[in-house]
Amino acid sequence: MDIETFLKNKIVGALQKVGLDVLASDVILEHPKEETRGDYATSVALQHAKKIGFKPRDLAEQIVAVIDRDGISKIEVAGPGFLNIFLKSEALQSIVGDVIAKNENYGRGSKKATKVNVEFVSANPTGDLHLGHARCAAIGDAICRLYEFAGYEITREFYINDAGAQVNKMGASLQARYLNECGLNAEVPADGYHGLDLVDLAKQVKDLYGDKLIADTKENFLTFISEGIRLELEKIKRDLALFRVHFDLYSYESEVRKDGKVEKTLEEYKPFTYLDQGATYLKTTAFLDDKDRPVVKSDGSYTYLMPDITYHLQKLGRGYDLLVDVLGADHHGYTNRMRSALMMKGYPAEIIDFELVQVVRLMKGDVEVKMSKRGGTTVTLRELVEEVGVDATRYFFAARAATSHLDFDYDLALEQSSSNPVFYAQYAHARLCKLLETGADFGIDISARNLRETAEINLLKHLQEFPNTIEGCAKTREPYKVAAYIQKLAALTHAFYTECRVIDRDNAELSQSRLALCKASQIVMRNALNVLGVNAPEQM
RNA sequence: GCGCUCGUAGCUCAGUUGGAUAGAGCACCACCCUCCUAAGGUGGGGGUCGGACGUUCGAAUCGUCUCGAGCGCGCCA
């Protein structure tokens, strides 16, 4: 049993003796910043005193009087009624053996029955992935990794809008570029895609088809669209792989629309639709929306919303307990429409959740970098990765709350010093690996019984928090808190390294205990970095 | 006008769902290698938590109002 559960059970037991029924899961243990306040502190007495007509301090005194002291060296009442708990050192030292035994599974949550579908990136197949997609990819994948590590069953899904107006524009733009490649005059439409990446695709199309597509026929146009989508998607998948993001499922809008599935869905929504000026509206205001939304235009074609609803219902039909859509923050108006539409079918509002990812500004010093070097309109994911690397990019994007605007500091991401958080964490891991290698002949003492320095104890306590951190971050989908955990772990590791000499030929027993702590810390650092999709190098 | 996301140190951001003296990193200043990676560590200055009122033992956190920023409010996606 881990220490926190062990303590919580003791507290619950004590509360029972006083006549209060409290669940162990409702007991909140804190880690006081000041050592004088113990290894753990809790405010249970303040929270529950009123229920039985006690003053908080009196209840706290009662708890101290009756609590089982096994494993506890000291427990005292402080301030308005906090309980400060001091552990016996053996209790803390036992963490080391626990971590080493579980190794790559330390921190992994128990298997949950919840099946979660996370849809993210879902970029239109009309151009390269850019900065915004990169942040969505980093956050989306980190959320998935968090969920998986915490024990949830997850599906990573990418939705491809291959049927709307956007792909028609892309097809027309590609056609113009192709004609240019064939030495003919043609202009990319004003509202088309002017990026130079389409020139590359046009060359590829020409290599495949020669000049067979020159004639301006419907059939040829459809070929430009299908080939364009295929090639764009190939690039997107290649860039995602480079970024270490892999999807379980790619879903196509064209598939969603097949076999009258959208028509059927529309039919099912009949009780919630009405006609206005030739267009069909969905009564989303009956639920959470502030405005009804058109689903069929007056020309008979669907708005984007209709196939989107069909698609979400199809996802739910596959048996997920929760859908998560990771979207750019400018899509926030979309959330209530979709949620309302699902509620019309009887789903609870919580069946779907949205992660709104705020914009990224790329900064070089005080100057914002807006344009891509290659003449494109924005900086692409590929460029970013080539310049600063996958690890730094993923870490920086995942290390901030999705809802907050992010300034990505180019120079900082490249810096090889403690200023750069990624470097700082990876360096801590490499240092631990080096110590373990150098001290390999000592062997490791899993009991870690010689650890008692402040730097050692602080590190032990932090290692102990890892499983709870994972559990909590997964529930709230906040990978940036894992990054915060990593930074603290790195700081404690470096402090330990400086203050405690690990390999000491004159004191083998102490060395064995400290090497065990190194091993445990190395495991936790590696597991934590892995949650963010960042490598843990063994040497630097 | 309505809605969403925000407003915390000079800068970038946390703040464990209402707890003790509001934290971290960067930047700045001063220290620490005869010894495992100084690619590191220790210490220091720096705050009207945008503002006001309210809720209670207790508010950066919850409520109302207000000021400011960004985004959204289409038979676009």
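Lettering of chains follows the sequences in order, A, B, ..., and the numbering in each one begins at 1. These numbers come from the heavy atoms of this one structure, side chains and all, not from hydrogens, waters or symmetry mates.
- At the phosphate of B:C76, OP1 or OP2 sits under 4.0 Å from a side-chain N or O atom of A:Lys297.
- In this structure, the CD atom of A:Gln166 is 14 Å from the C1' atom of B:G74, given to the nearest Å.
- At whole-Å resolution of the value, CG in A:Asp292 and P in B:C75 are 11 Å apart.
- Comparing A:Asn336 and A:Lys434 along RNA chain B, the residue whose closest nucleotide (by nearest heavy atom) sits nearer the 5' end is A:Asn336.
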Short heteroatom pairs, N/O only, protein and nucleotides 41-45 of chain B, under 3.5 Å:
| from | atom 1 | to | atom 2 | distance (Å) |
| --- | --- | --- | --- | --- |
| B:G41 | OP1 | A:Tyr424 | OH | 2.3 |
| B:G41 | O4' | A:Thr498 | OG1 | 3.2 |

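- Contact of A:Tyr427 with B:A39 (side chain to base): no donor-acceptor pair of N or O atoms is detected under 3.5 Å.
- Look at the C1' atom in both B:G18 and B:C57: the space between them is 12 Å, to the nearest Å.
- Using a 4.0 Å cut-off between charged side-chain N and carboxylate O, A:Lys434 and A:Glu437 make no salt bridge.
- Computed from coordinates, the A:Arg337 CZ to B:G72 C1' distance equals 9 Å when rounded to whole Å.
- Contacts between residues 273-286 of chain A and RNA chain B, counted as heavy-atom distances below 4.0 Å, involve A:Asp276, A:Gln277, A:Ala279, A:Tyr281.
- Atom P of nucleotide B:A77 and atom NZ of A:Lys169 are separated by 9 Å, given to the nearest angstrom.
- Contact annotation: A:Thr403 reaches the phosphate of B:C6 (side-chain N/O to OP1 or OP2, under 4.0 Å).
- Under a 4.0 Å N-O distance rule, the pair A:Glu157/A:Lys315 does not qualify as a salt bridge.
- To the nearest whole angstrom, the two P atoms, one in B:C49 and one in B:C11, are 16 Å apart.
- Between A:Met338 and the choices A:His312, A:Met343, A:His331, A:Arg293, the side-chain contact (heavy atoms from CB on, under 4.5 Å) rule is met once, by A:His312.
- Contact annotation: A:Lys291 side-chain N/O to B:G74 OP1/OP2 distance is under 4.0 Å.
- Going from atom CZ of A:Phe82 over to atom C1' of B:G58 covers 9 Å, rounded to whole Å.
- The residues A:Asp289 and A:Arg339 are annotated as not salt-bridged, no charged nitrogen and carboxylate oxygen being separated by less than 4.0 angstrom.
- Put simply, CD on A:Gln539 is 12 Å from P on B:U37, counting in whole angstrom units.
- Both distances falling under 3.5 Å, in either a Watson-Crick or a G-U wobble arrangement, place B:C4 opposite B:G70.
- The distance from atom NZ of A:Lys8 to atom P of B:U16 is 16 Å, rounded to the nearest whole Å.
- Residue-to-nucleotide contacts include no donor-acceptor pair under 3.5 Å from the side chain of A:Asp330 to the base of B:A77.
- Comparing B:G72, B:G19, B:C75 by their nearest atom to the side chain of A:His332 picks out B:G72.
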